[in-house]
Each structure stands twice: as structure tokens, then as C-alpha cells.
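Each chain gets a letter, A, B and so on, in the order the sequences are listed, and its residues count up from 1. These numbers were taken from a predicted model, which means no experiment stands behind them.
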Amino acid sequence: MPELPDVATFRLRMARAAVGHAVTAMSLDRPEQLRGATPRAFADRVRGHACTRTHRHGKYLFAAIGRGWVELHFGMDGALEMLGPPGAPPRGTVARFRFAEGDTLAFTHPRRLGHIAWIADPDTRVAETGLGPNALGLDRTTFTDRLADRRAGIKASRMDQANIAGVGNIYSDEILFHAGLHPKRTADTLDPDETQCLFAALQEALQGAVRARADPRNMPPDFLLPHRTAGEHCPSCGGALQHGTVAGRSAWWCPPCQPRGRG
DNA sequence: CTCCATGTTTAGAA
DNA sequence: CTTCTAAACATGGA
């Protein structure tokens, strides 16, 4: 799940539970997943300190706690879940945070491909990681400049976190579907209308998914994501969807709605 | 058992 | 230099 819309949803959850409240309890259920501090130092820096704000860049979530920040990256299947009354932690729990108003958040992460880290400053981390600007909130000029003259496929380009941050495999398919562009097209074959269309599609797909709280069941009926599985049909033309490997990843598209064109 | 999976990094080849 | 591919990471589900 965790691409920009998912992480934006996790951020809302974090903001509601944590901002303005002190951490009254914290447990590191899988300390080997922690970076940037020893478990003991991490506990000292977090416990009893207030969360003052949250931040997201691309697929990274940050929470300001005390004098530093907690960074979360969700890998393939990480999540941030609100827990009910105390009980057994969910499967794959890496860490739990309880806040003064009584909410408890669990960072879960069964496949361990992401991480939790103690960091000094999100902007520095974003720079170190080499992330491009946030995919949501880009102005058209920045988008166009960053896309220009690329010979790489547009699916690969949109997923390149150094180019723009936040779009992964699922939403790159969604964006190209809305733009009516075949995933193997390259940026240098796009005419100005197609580039504009791709920009509009990116906004539409990401904003729509954020409004749906990244839940496919809440997404508009013309979204590809709920149909991105074997046996499903194009929500626009009703035809059979095609599945293949593009940019080394599993790709779904509708051949009539997303023609190859010149690319 | 095999194959596949929403992410990232790295090595090596065009 | 850009781009692509495969592999690796760790784990779970079909």
C-alpha cells in the first residue's frame, strides 16, 4: 500500500493522535528495525516528550517529538494503525506509541523492508536521500522541467523518487491510465498536450486517492486501482485489462484507452 | 514446493 | 552520463 496517498493518510492519523500530546509510553517490539539511535537512547528521547508537528515528503513520514524527529518508512507493507484498548499488538508490530489523550499508534511492518529512525531534521534527510520534490503540490513548470528530455519510460520516470517523490508502482499505473498514455511511452515523445494531460492526471489520481483515504473502496468509479487484478475490466471502456512487466515492475493498463502512439 | 507482491539499493550491462 | 535489468533484502499469501 504505502505510496503517497497511503502515507498522507497515515500522517492524518498521526496528527490526530499525537500532535499536542506527550508520549506516555513507547515500546520497541522489534528494536533491530531502528536506525539512528540505540533503543535505550531512542526511548529516552521519546518518552515523556510531546509531539509538536508532523511532516510528509514523498513516501516518508516524520513526527517532531521532543528535540528531534521520528522518521517512518513503510516499505512494501508497512502501516500506521490506531490501536483500541490494550491487548496483543497486531502482527508485524515494530513499535507502539501511547499519547497523553489515550490514543495508541502502532507502526506495523511484517516484511521489514522499511524502517523507523531517530533523526535531527527532515529536510536534511530528504536531501541525503536525494528525493525530488513532493509529487503532490508540484506546479506545472516544475513538473514539465523535470520530465523534459528524459528518454526513460514514463512509468519508470514517475516512480523515480529522485525525480518526483511519492509515486510508486500502483499509482504510476493509475496516473498513466488517467492520462491515456501507454506505460512504455518515453517523456521525449510526449507533445505539450500529452505532457499537460500527464500533469493533470497526476493531480487527479493522487488527490482522488488522498480524498478516498487511500482506500480503493472509496475511490471514484473511474479509478483503475480497484480493478488492478486478474479478470477485472477497464472502468472506462469495459475491455480487458492488460498485465505485463514494465520498468521491471508489474504493470496494468487498458490497450484501447492507453495506445502506444509514437512511443 | 513455486511464484508473486504496493519499496529501495546496488552491481553490471547497453 | 542515462537507462535498463536482475538480484538482494524479509515475509506472507495464493
Give a yes/no answer on whether the side chain of [X] brings an N or O atom under 4.0 Å of OP1 or OP2 in [N].
{"X": "A/His243", "N": "B/dA5", "value": "yes"}
{"X": "A/His73", "N": "B/dT8", "value": "yes"}
{"X": "A/Arg150", "N": "C/dT2", "value": "no"}
{"X": "A/Ser250", "N": "B/dC4", "value": "no"}
{"X": "A/Lys59", "N": "B/dT8", "value": "yes"}
{"X": "A/Arg91", "N": "C/dG12", "value": "yes"}

Worksheet item: Is there a Watson-Crick or G-U wobble partner for B/dT6 with both distances under 3.5 Å, and which nucleotide is it?
Response: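 Its partner is none (no Watson-Crick or G-U wobble pair with both distances under 3.5 Å).
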Worksheet entry | For C/dA10, the Watson-Crick or wobble counterpart (both distances under 3.5 Å) | none
Discussion item. At 4.0 Å (heavy atoms only), tell me whether A/Gly153 reaches a base, stays on the sugar-phosphate, or touches nothing.
Written reply: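 Sugar-phosphate only.
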Discussion item. Salt bridge check, A/Asp215 against A/Arg213: does any charged N sit closer than 4.0 Å to a carboxylate O?
Written reply: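 Answer for the salt bridge query: no.
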Euclidean distance, atom [atom1] of residue [X] to atom [atom2] of [N] [Å, nearest integer]:
{"X": "A/Leu113", "N": "C/dA8", "atom1": "CG", "atom2": "P", "answer": "15 Å"}
{"X": "A/Asp77", "N": "C/dG12", "atom1": "CG", "atom2": "C1'", "answer": "8 Å"}
{"X": "A/Asn163", "N": "B/dG7", "atom1": "CG", "atom2": "C1'", "answer": "17 Å"}
{"X": "A/Arg249", "N": "C/dA7", "atom1": "CZ", "atom2": "P", "answer": "15 Å"}
{"X": "A/Arg111", "N": "C/dA10", "atom1": "CZ", "atom2": "P", "answer": "14 Å"}
{"X": "A/Met159", "N": "B/dT6", "atom1": "CE", "atom2": "P", "answer": "9 Å"}
{"X": "A/Leu4", "N": "B/dG7", "atom1": "CG", "atom2": "C1'", "answer": "14 Å"}
{"X": "A/Met76", "N": "B/dA5", "atom1": "CE", "atom2": "C1'", "answer": "5 Å"}

Item to complete: Check step by step if side chain to side chain contact (heavy atoms under 4.5 Å, CB included) holds for A/Arg249 and A/Met159.
Response: CA-CA 10 Å; A/Arg249 306 300 302 278; A/Met159 286 193 297; 3.9 Å; yes
Practice prompt. Using the P atom on both, measure B/dT6 against C/dT3 and round to a whole Å.
Written response: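 About 23 Å, rounded to a whole number of Å.
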Discussion item. Determine whether the aromatic ring centres of residues A/Phe62 and A/His57 are separated by less than 6.0 angstrom.
Written reply: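 No, the ring of A/His57 stays outside the 6.0 Å limit from the ring of A/Phe62, centre to centre.
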Worksheet item: Strictly under 6.0 Å, is that where the ring centroids of A/Phe74 and A/Phe107 end up?
Response: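 Distance test on ring centres: under 6.0 Å, yes.
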Item to complete: Please check if the side chain of A/Asn163 supplies one atom and the backbone of A/Arg146 the other of a donor-acceptor pair under 3.5 Å.
Response: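 Looks like yes, one N/O pair under 3.5 Å.
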